[in-house]
Amino acid sequence: MTNRLTGYQSSEPKVTLNYEDGHNLVLDILTSQIIRVFMDRNCTTNSYAIQGDKHHKINYTVDNKGDHIEVRTPDLTVKAYDSRHIDFFDGEGNPLVMDYRGRRQALANDLDDEHKSTVLAEGHDINLLGKSDDRHYEIIKSLSPDEQFYGLGDKPGFLDKRGYDYDNWNVDFGQVHNESVKGIYKSIPVMYGLKDGHPYGLFFDNTYKSHFDLGKESENYYYYSAADGNIDYYVLGGHTLKDVVANYTYLTGVTPLPQKWVLGYQQSRWGYSTSDKRVESIADGFAKYHLPIDVIHLDIDYMRGYRDFTWDTTKYQDPKKFVAEMKKRGIRLMPILDAGVKKDEDGYDIYQEGVKKGYFVENPDGTVFVGRVWPGDAVFPDFGRPEVRKWWAKHIKFFADMGACGVWNDMDEPASFDGELPKDLVFSDGDQKSTHAKMHNVFGHLQAQAAYEGMKDATGKRPYIITRAAFAGTQKYSTVWTGDNQSIWSHLQLAIPQLNSLGMSGFAIAGTDIGGFQKDTTPELLTRWLEASLFVPLFRNHAEMGTRYQEPWAFDRQTLDIYRDYLNLRYRFVPYLYDQLRHETESGLPVMRPLVLNYDQDPAVRQLNDEYMVGTNILVAPIVNQGADKRLVYLPAGKWLDFWNNAEYSGKQTIMVNAPIEKLPLFIKKDTILPWGNKVKHISDQPEKVMTFRLFGDCGAYKHYQDNGLDFKYQEGEYNEYYVEVAADGQVTVQLHKHGYQPTYDRIYVETDRGRFEFDYDSKEESYHLAK
């Protein structure tokens with residue numbers, strides 16, 4: 001039966017589409033390239049992903065065309081029809097997001113009713129039609145033969161998500177994950193499409209469990225479904241895929257600039273934290289073998305009986321003093337913090353205070369829910385309540401007072417050893433009571449927010465927070481890692497599309513556990529994983545207790561030497577990575593990115609899983625197969641230089657590259673200038689005195705950023721911007737375009753194939769002059 005479109009009302013910036021059944025659609029026009037589609041289904045509309053008013057003042061038109069109503073901005077056209085069918089086109093009229101007019105058809109199989117219950121009882125994953133209840137809904141869109149899908153956070157699998165289906169429900173997933181797994185720790189319901197080469201995005205702002213089928217069920221449509229919630233999604237336009245990604249991060253927030261040392265090397269293992277002597281022995285190893293390092297992570301054993309906000313003084317005689325002593329050695333300590341608070345009636349203030357104030361999640365009968373995690377019986381903070389987040393943030397000061405460098409949130413899906421928490425548990429959604437079913441996917445998000453705000457208030461510095469679970473917008477508060485991977489080659493292969501997808505989904509600082517967390521790594525796998533991670537923003541080696549040691553010195557001399565070489569090389573690139581992160585705060589684009597983000601009109605890169613780019617001028621093509629010592633590398637348009645030997649290649653072709661165990665295939669776009677960091681063992685809090693810039697090619701220009709690398713003063717203008725140029729005639733210039741941060745480099749070197757040019761700073765003129 002047709003549900004007629006009877007008319008509309010336009011009240012800037014919203015257009016309400018009236019339907020015969022009374023369930024109206026609202027088009028909320030935020031910008032020329034972002035339009036929200038909303039239908040009230042009697043649920044609260046508290047967005048945890050989007051903060052603040054994102055509307056721009058723009059001109060749009062609304063016209064009744066007889067058979068449809070048309071809303072037009074300079075960059076998007078919306079056509080609304082009967083039965084709530086709605087189509088989106090770009091500014092040139094190219095179709096982007098089109099409602100499917102047919103009905104879903106189950107994926108063809110030979111399952112009959114007689115066997116259905118048996119297959120389901122055995123836990124097999126099968127495709128079924130039907131809604132679970134009357135709160136469930138589906139949004140079905142038409143699929144083009146030439147359409148690719150990207151995004152969705154770190155869902156396991158390939159870069160192009162077409163042909164697969166995924167769940168948005170945060171899960172503590174300890175098994176091997178691959179492209180058949182529907183979801184792991186994070187739910188980031190943003191997807192990007194290239195439809196016949198035309199880019200768009202869809203962001204579904206719904207925290208309930210949801211599902212994407214991206215052409216698995218049918219070649220004719222893709223769909224999104226949710227267990228409950230309002231229909232609430234954003235169509236993102238843009239002239240390029242970069243524009244679309246930037247529109248998403250405009251909505252949900254950019255990753256803030258970290259403290260500079262966060263880009264240094266970080267070593268971790270479940271087991272280091274058993275004592276101060278164990279931690280010290282790891283630091284000694286890095287000193288003995290002349291390996292740079294900035295952070296050692298402390299897993300759950302540093303706590304007193306796994307109680308949050310405690311430090312076991314039987315294992316650490318004086319924790320605060322020990323942390324300070326390690327800092328003097330140039331190494332910061334990063335403690336873990338779990339979501340479950342130990343149920344302990346005897347002198348544990350966190351538990352007692354939380355119970356007294358009613359801060360923990362409850363059963364439907366009003367009693368406190370008790371789950372089971374590392375400390376045994378445990379309760380869970382109701383982070384949906386602002387006062388609970390403030391309470392948690394207040395206690396984060398414990399880590400700041402200890403001198404810890406940040407907080408590493410874990411088990412925050414939330415996880416429980418007794419299985420998934422019941423969906424009817426009472427959580428809060430702001431000042432309203434809600435359920436676990438709605439708040440589950442933002443539990444880790446809200447814990448990260450509390451930790452971020454607590455560290456910021458306690459230190460005044462840029463907080464370093466890591467989280468395993470996340471939702472859209474968590475990037476405003478926390479870095480992420482991909483969780484419990486394994487020391488297997490398929491997980492190294494998976495790391496590149498996972499991290500590229502996270503970058504496109506807003507998470508500019510992300511990483512995988514180098515070498516693999518579970519199982520036993522090998523020298524070759526560890527080496528190739530480190531090489532592949534050279535430019536990964538979160539640069540951490542992490543392993544599980546009981547597995548083979550995977551410190552750099554755990555294997556043979558060759559492995560150690562290669563490891564040292566790549567750690568030293570990483571620190572050379574830290575200034576470039578820091579520049580890229582500063583650019584990300586302004587552009588909303590990730591540091592590590594798939595080639596398709598830079599070259600969305602090149603069909604050759606749309607399903608490229610084993611290469612990545614850093615910004616726009618560095619291309620990395622790691623070895624991800626056991627025993628391989630050469631590989632094919634696709635180079636996109638332009639001229640490219642082999643980093644190791646300066647050999648020049650034309651783009652839009654695939655070349656064969658030799659890559660013995662010590663070599664990472666690495667290419668720099670011709671005529672690129674890069675900052676070249678000093679060789680250091682740790683990233684100092686003190687400003688550097690000297691900086692070098694290297695030219696790859698014949699000429700080029702580069703803008704370099706400098707601030708104190710620690711706090712938020714840069715937001716008040718306390719930063720410097722340098723402009724370095726090598727002209728086609730070989731003339732080299734260095735200019736200080738902005739001087740807002742008092743220290744400057746005393747000396748700057750520019751290295752070209754014509755020689756090394758030295759520039760000294762004249763403090764009176766506030767300019768650089770070529771040294772005589």
Legend entry - Modelled atom types, side-chain donor and acceptor of N18 and T6, under 3.5 Å: no

Legend entry - Geometric class of the Y723/H737 ring pair [parallel <30°, tilted 30-60°, perpendicular >60°]: parallel

Legend entry - Pair D82-T2, side-chain donor/acceptor within less than 3.5 Å: no

Inset, instruction - Would you tell me whether E20 and N3 have side-chain atoms, one donor and one acceptor, within less than 3.5 Å of each other? - result: no

Inset, instruction - Work out which heavy atom in V254 is nearest to a heavy atom in G588; give both atom names and the distance. - result: CG1-CA, 3.8 Å

Legend entry - Any donor-acceptor N or O pair under 3.5 Å, side chains R593, N598: yes

Legend entry - Verdict with reasoning, K738 to E721, per salt bridge (charged side-chain N to carboxylate O under 4.0 Å, His left out): CA-CA 5 Å; K738 175 179 170 54; E721 284 185 351; over 6 Å; no

Legend entry - Polar contact flag, side-chain donor to acceptor under 3.5 angstrom, D232-N206: no

Inset, instruction - Compute whether any side-chain donor of one residue and acceptor of the other, for D228 and H136, lie under 3.5 angstrom apart. - result: no

Legend entry - Under 3.5 Å: donor-acceptor pair, side chain of D671, backbone of G700: no

Inset, instruction - Test T31 against Y250 for side-chain contact (heavy atoms from CB on, under 4.5 Å), laying out the working first. - result: CA-CA 11 Å; T31 74; Y250 166 74; 4.1 Å; yes

Legend entry - More than 12 heavy atoms of other groups within 6.0 Å of K703 NZ: no

Legend entry - Cation-aromatic face contact K161/F212, 6.0 Å, 45 degrees: no

Legend entry - salt_bridge(R72, E70) N-O dist < 4.0 Å: yes

Legend entry - Pairing of K195 and D146 as salt bridge, 4.0 angstrom limit: no

Inset, instruction - Please say which of Y224, Y192, Y248 ends up in a ring-ring contact (aromatic ring centres under 6.0 Å, His included) with F203. - result: Y248

Legend entry - Parallel, tilted or perpendicular: ring planes of Y221 versus Y100, cut at 30 and 60 degrees: tilted

Inset, instruction - State whether a side-chain donor-acceptor pair under 3.5 Å links D28 with H55. - result: yes

Legend entry - CA sep, side-chain torsions, deciding dist, call: N24, T16, side chain to side chain donor-acceptor pair (under 3.5 Å): CA-CA 7 Å; N24 300 328; T16 300; over 6 Å; no

Legend entry - Salt-bridge criterion met for D87 and R101 (N-O under 4.0 Å): yes

Inset, instruction - Classify the side-chain pair S210/N168 by whether it contains a donor and acceptor separated by less than 3.5 Å. - result: yes

Inset, instruction - Would you please indicate if the ring centroids of F204 and Y234 are separated by under 6.0 Å? - result: no

Legend entry - Candidate pair I188 and D154, rule side-chain contact (heavy atoms from CB on, under 4.5 Å), full reasoning: CA-CA 8 Å; I188 319 294; D154 62 348; 5.8 Å; no

Legend entry - L619 side chain reached by V633 side chain, heavy atoms, under 4.5 Å: yes

Inset, instruction - Decide yes or no on side chain to side chain donor-acceptor pair (under 3.5 Å) for H211 and S225, but give the supporting numbers first. - result: CA-CA 5 Å; H211 182 77; S225 64; 5.5 Å; no

Legend entry - Pair K476, T252: side-chain N/O donor-acceptor within cut-off below 3.5 Å: no

Legend entry - Any side-chain donor near an acceptor of the partner, S180 and N178, under 3.5 Å: yes

Inset, instruction - Using a strict cut-off of less than 4.0 Å between a Lys/Arg side-chain nitrogen and an Asp/Glu carboxylate oxygen, indicate whether D165 and K182 qualify as a salt bridge. - result: yes

Inset, instruction - Could you verify whether a donor N or O on one side chain and an acceptor N or O on the other, from D602 and Y634, lie under 3.5 Å apart? - result: yes

Inset, instruction - Could you tell me whether the side chain of Y200 reaches within less than 4.5 Å of the side chain of F89, counting heavy atoms only? - result: no

Legend entry - Trace of the side chain to side chain donor-acceptor pair (under 3.5 Å) decision for D196 with S144: CA-CA 7 Å; D196 301 317; S144 170; 3.1 Å; yes

Inset, instruction - Determine, step by step, whether V62 and Y8 satisfy the side-chain contact (heavy atoms from CB on, under 4.5 Å) criterion, reporting the C-alpha distance in whole Å, the side-chain angles of both residues, the deciding distance to 0.1 Å, and the verdict. - result: CA-CA 9 Å; V62 187; Y8 72 90; 3.3 Å; yes

Inset, instruction - Determine, step by step, whether S505 and K186 satisfy the side chain to side chain donor-acceptor pair (under 3.5 Å) criterion, reporting the C-alpha distance in whole Å, the side-chain angles of both residues, the deciding distance to 0.1 Å, and the verdict. - result: CA-CA 11 Å; S505 303; K186 301 169 189 66; over 6 Å; no

Inset, instruction - Specify whether Y578 and Y705 have parallel, tilted or perpendicular ring planes, treating 30° as the upper limit for parallel and 60° as the lower limit for perpendicular. - result: tilted

Inset, instruction - Assess the side chains of D600 and T240: does a donor N or O sit below 3.5 Å from an acceptor N or O? - result: no

Inset, instruction - Determine the interplanar angle of the W169 and H440 rings, folded into 0 to 90°, and report it as parallel if under 30°, tilted if 30 to 60°, perpendicular if over 60°. - result: parallel

Legend entry - Donor-acceptor contact below 3.5 Å, side chain D75 vs main chain Q33: no

Legend entry - Test: R84 cationic atom under 6.0 Å from Y19 six-membered ring centre, within 45° of axis: yes

Inset, instruction - Determine, for D167 against K155, whether the closest basic-nitrogen to carboxylate-oxygen distance falls under 4.0 angstrom. - result: no

Inset, instruction - Please assess K669 against T616 for the test side-chain contact (heavy atoms from CB on, under 4.5 Å), listing each intermediate value before the final yes or no. - result: CA-CA 8 Å; K669 200 164 194 179; T616 57; over 6 Å; no

Legend entry - Intermediate values then yes/no, salt bridge (charged side-chain N to carboxylate O under 4.0 Å, His left out), D698 and K670: CA-CA 8 Å; D698 302 321; K670 187 179 179 182; 3.5 Å; yes

Inset, instruction - Answer yes when D610 and R631 have at least one side-chain N-carboxylate O distance shorter than 4.0 Å, and no when they do not. - result: yes

Inset, instruction - State plainly whether the residues E147 and R162 are in salt-bridge range, i.e. N to O under 4.0 Å. - result: no

Legend entry - Flag, side chain of Q475 to backbone of G473, donor-acceptor distance under 3.5 Å: yes

Legend entry - Y137 side chain to R41 backbone, donor-acceptor under 3.5 Å: no

Legend entry - Electrostatic pair D160:R606 at N-O distance under 4.0 angstrom: no

Inset, instruction - Would you verify whether the NZ or CZ of R104 falls within 45 degrees of the ring axis of Y223 while also being under 6.0 Å from that six-membered ring's centre? - result: yes

Legend entry - Within 6.0 Å of CG in D53, more than 12 heavy atoms from elsewhere: yes

Inset, instruction - Quick one: closest heavy-atom pair of G151 and S501, and the distance? - result: O-CB, 3.7 Å

Inset, instruction - Ignoring hydrogens and angles, tell me if any N or O in the side chain of N247 forms a donor-acceptor pair with the backbone of L236 under 3.5 Å. - result: no

Inset, instruction - Please find out if less than 6.0 Å separates the ring center of F173 from that of Y185. - result: no

